[in-house]
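Hydrogens, waters and symmetry mates are skipped; everything else that's a heavy atom, side chains included, is used.
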Amino acid sequence: MPVKEEIVKVCHLVYQNKFVAAYDGNISALTENNSVMITRSGICKGEVTISDIIETDLNGNKISGEGKISTENKLHLYIYNKRKDAKAVVHCHPVFATALGLVENKYLDIFFPEVFLTLGKIPVCEYATPSTQEVTDSIAEFIETSNALILKNHGAVTIGSSVMDAYYKMEKLEHAAKTILFAKLLGSPRKLSDEDINKLLSIAESTYGIKTDKLF
């Protein structure tokens, strides 16, 4: 599927699944030519079409497309410049992950093996004024190894090898956050112990093909 069509598909998915409301969020992909395709500013993700996608270079200069470049473009460009494996970025305001970001600090506790193996440790980045360099500063400590980041009082970001991969990581993050919040309403959820985590790490590469340095 052409990258613009994939972005449109994921825009509609994040809106349908209520990971965004109104004009929230932005989605981008790195092309084979090292340009960036990103949703324009001021568009409901449920209404995005191919004409709503702008192409820029890695410095944020517009190459093609109509409309205003998203004010969160700096966040996407920072990730592509720091992570050579990053091919797509999804930024949303999912309710449950964002709620956890209002009460948790530094990292989410590790509860689920599959979430840990897919997303690694999930940091809760310090609050930063949206659309400013503060946002990139807030994720700098975690960007090399984290595939999912919660932005305190703001939302969440996931990084993938494709637009769909980044979307699925957002979906997994939100599903886990929802489960954690429900569990906390019921009592004190059981975290994975250090022993549990070490057992996962010992089989991560042989069983799942995941290098342990990608989890921390």
Side-chain angles (χ1 to χ4, degrees), residues 1-94 97-98 125 128-140 142-144 146-151 154-174:
M1 180 183 295
V3 66
K4 285 188 176 183
E5 291 183 15
E6 195 170 16
I7 290 174
V8 170
K9 177 180 178 179
V10 167
C11 283
H12 295 173
L13 284 171
V14 298
Y15 186 75
Q16 290 165 13
N17 286 308
K18 302 187 185 303
F19 295 168
V20 293
Y23 299 157
D24 294 347
N26 26 79
I27 294 163
S28 72
L30 187 69
T31 73
E32 294 179 353
N33 298 320
N34 278 332
S35 64
V36 175
M37 300 290 185
I38 187 168
T39 48
R40 70 171 176 86
S41 180
I43 180 72
C44 171
K45 300 305 165 291
E47 299 174 352
V48 165
T49 67
I50 286 176
S51 65
D52 296 308
I53 297 169
I54 292 172
E55 183 178 13
T56 76
D57 63 24
L58 284 169
N59 293 313
N61 300 304
K62 185 189 284 189
I63 296 172
S64 65
E66 299 297 324
K68 181 182 176 183
I69 298 174
S70 170
T71 55
E72 297 287 6
N73 194 38
K74 300 181 191 71
L75 171 65
H76 294 252
L77 296 177
Y78 179 79
I79 292 170
Y80 292 127
N81 281 300
K82 288 292 183 179
R83 285 277 297 269
K84 299 308 178 187
D85 62 324
K87 302 301 180 186
V89 175
V90 171
H91 169 48
C92 295
H93 300 172
T98 303
C125 307
T129 305
S131 308
T132 71
Q133 187 176 333
E134 291 178 15
V135 178
T136 57
D137 290 345
S138 75
I139 71 172
F142 313 106
I143 191 60
E144 293 294 338
S146 296
N147 290 315
L149 306 95
I150 294 175
L151 308 178
H154 187 172
V157 176
T158 52
I159 301 164
S161 59
S162 68
V163 185
M164 285 305 302
D165 181 50
Y167 165 75
Y168 285 133
K169 284 173 175 155
M170 183 66 69
E171 190 175 86
K172 185 173 285 288
L173 172 65
E174 179 67 343

Point to revise | Mutual orientation of the aromatic rings belonging to Y80 and H76 [parallel < 30°, tilted 30-60°, perpendicular > 60°] | key: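 Because their plane-to-plane angle lies in the 30° to 60° range, the rings of Y80 and H76 count as tilted.
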Check your understanding: Does CD belonging to Q133 count more than 12 external heavy atoms closer than 6.0 Å?
Key ->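 12 or below, so no.
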**Study point:** Enclosure of K82 NZ (heavy-atom neighbours >12, cutoff 6.0 Å)
**Key:** no
**Study point:** Side-chain (T158) to main-chain (A148) donor-acceptor, under 3.5 angstrom
**Key:**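 Checked: no pair found.
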Review point. For N73 and S70, does a side-chain donor sit closer than 3.5 Å to a side-chain acceptor?
Key: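 Side chains of N73 and S70: no pair found under 3.5 Å.
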Do [X] and [Y] come close enough that some side-chain heavy atom pair is under 4.5 Å?
X	Y	value
I139	L75	yes
M170	P94	yes
K45	H12	no
K172	Y168	no
T31	M37	yes
H91	H154	yes
I159	I143	yes

Taking side chain to side chain contact (heavy atoms under 4.5 Å, CB included) as the criterion, tell me which of [options] meets it with [X].
X	options	answer
L77	L30, T56, N59	T56
I27	V14, V89, V8	V14
D52	I54, V48, I50	V48

If every non-hydrogen atom of [X] is compared with every non-hydrogen atom of [Y], which pair is closest and at what distance?
X	Y	result
S131	K74	O-NZ, 3.1 Å
G155	T98	CA-OG1, 3.5 Å
S161	D165	N-OD2, 2.8 Å
Y15	C44	CE1-SG, 3.4 Å
S41	I69	CB-O, 4.0 Å

